[in-house]
There are 2 protein chains.
Amino acid sequence: MSCGSLTIGELARLTGTKVETVRYYERIRLLEAPMRTAGNYRAYAPEHLNRLSFIRRSRDLGFSLDQVRALLDLSDDRDRPCGAVDAIAREHLSEVDRKIGDLQALRRELSSMIDQCQCGTVADCRIIEALSP
Amino acid sequence: MSCGSLTIGELARLTGTKVETVRYYERIRLLEAPMRTAGNYRAYAPEHLNRLSFIRRSRDLGFSLDQVRALLDLSDDRDRPCGAVDAIAREHLSEVDRKIGDLQALRRELSSMIDQCQCGTVADCRIIEALSP
DNA sequence: ATGGACCCTGTAGCAACTACAGGGTCAAGG
DNA sequence: CCTTGACCCTGTAGTTGCTACAGGGTCCAT
């Protein structure tokens, strides 16, 4: 596309996003709707590339779309103190910690279940037994 | 409810499930549809309680509904060798291990981001910077 | 002018529930 | 006997974060 603007496919490739996902982000107003060409194609400006990169990076770090929205809003207001940003990140961190803890507990249970399996018949399978009431 | 049968609410309470979830399990044919009373209420037998307890316990251990379905099928066939049960459990364990690894990597990134935050203004916030392209 | 790669809208699907709306049933108390 | 409130019924739509069509239009090179 001419004049430094990008098609949706180019934007998607540059950010490692699927085209449908870009349109989805527009629909839920996470990414601003771009100008259209004469043929009704979306024409993205460099700001859109920045914005979408930010979104992808946040998503890769496991922030929810609501959290990403909040981070985007905050990042636009350059003079504001960044305590709120910190709070979102810390909240997410403790969420991740909780998930890790849950999964580790689950892992212990699962693996002790598996260790007890003698691989005989289902009738005396310790795994089935462990799952039964 | 009389004669040792349970209402959906009783079954739900006994298994720590929501009533809607019990109905959902019936709709997707994970839990067999029970008899009905004269007033069209579901009347669950003790087998249903066993079955649902098994489902809940499996779900709590993070098995997917498809995996639970497979485990239930296997557990019904008492004479079959239990290798298939073991395989499902091991597959799930490695999935859990992968998730733990992913979350730990993510945790490291998040927490180093947070450590760098000086809590000044958004303009020089390291978290926003780390998320920006 | 025609082929193929791309783009458009709109809708439906995934997992695994959860939350109504709008009704019917049942048991206890007055 | 009647009412009240707790429970039950069906059916549908919402949640999160996409993904996958269907059925069309556009653009560019050959």
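Because the structure is predicted, anything quoted here is derived from the model rather than measured.
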- With nearest nucleotides of DNA chain D determined for A/R59 and B/I8 from heavy-atom distances, which residue corresponds to the more 5′ nucleotide? B/I8

- Message: Measure CG/B/L11 against P/D/dC9 and give the value in whole Å, please.
- Response: 11 Å

- May I ask you to evaluate whether A/R56 reaches the phosphate of D/dG17, defined as a side-chain N or O under 4.0 Å from OP1 or OP2? no

- Message: Rounding to an integer number of Å, can you tell me how far A/L52 CG sits from D/dC18 P?
- Response: 11 Å

- Task: Using heavy atoms to find the nearest nucleotide of DNA chain C for B/S64 and B/G39 separately, return the residue whose nucleotide is more 5′.
- Result: B/S64

- Note on the structure: With B/Q67 as partner, the option from B/I88, B/L72, B/L61 fulfilling side chain to side chain contact (heavy atoms under 4.5 Å, CB included) is B/I88

- C/dC8 C1' sits how many Å from A/Y44 OH, rounded? 12 Å

- Note on the structure: Nearest heavy-atom contact between B/L52 and B/Y25 is CD1-CD1, 3.7 Å

- To the nearest Å, how far apart are A/N40 CG and C/dC8 P? 7 Å

- Query: In residues 15-32 of chain B, what residues come within less than 4.0 Å of DNA chain C, judged by heavy atoms?
  - Reply: B/K18, B/E20, B/T21, B/Y24, B/Y25

Using residues 107-128 of chain B as the side-chain source, report each donor-acceptor pair under 3.5 Å to any protein atom, sequence neighbours left out, with the distance given to one decimal.
{"from": "B/R107", "atom 1": "NH1", "to": "A/D97", "atom 2": "OD1", "distance (Å)": "2.5"}
{"from": "B/R107", "atom 1": "NH1", "to": "A/D97", "atom 2": "OD2", "distance (Å)": "2.7"}
{"from": "B/E109", "atom 1": "OE1", "to": "A/R57", "atom 2": "NH2", "distance (Å)": "3.0"}
{"from": "B/S112", "atom 1": "OG", "to": "B/E109", "atom 2": "O", "distance (Å)": "3.4"}
{"from": "B/Q118", "atom 1": "NE2", "to": "B/Q116", "atom 2": "O", "distance (Å)": "3.4"}
{"from": "B/T121", "atom 1": "OG1", "to": "B/A123", "atom 2": "N", "distance (Å)": "3.4"}
{"from": "B/D124", "atom 1": "OD1", "to": "B/T121", "atom 2": "N", "distance (Å)": "3.4"}

- Message: A quick test of your reading: do over 12 heavy atoms of other residues, nucleotides or ligands sit less than 6.0 Å from CD of B/Q104?
- Response: yes

- Residue B/R36 excluded, over 12 heavy atoms near CZ under 6.0 Å: yes

- Query: Counting any heavy atom closer than 4.0 Å, what does B/R13 reach on the DNA or RNA strands: base, sugar-phosphate only, or nothing?
  - Reply: nothing

- Message: Do A/I28 and A/V22 sit in one hydrophobic cluster, given that two such residues count as connected whenever their side-chain heavy atoms are within less than 4.5 Å of each other, even indirectly?
- Response: yes

- Task: Indicate whether OP1 or OP2 belonging to D/dT26 is found under 4.0 Å from a side-chain N or O atom of A/R42.
- Result: no

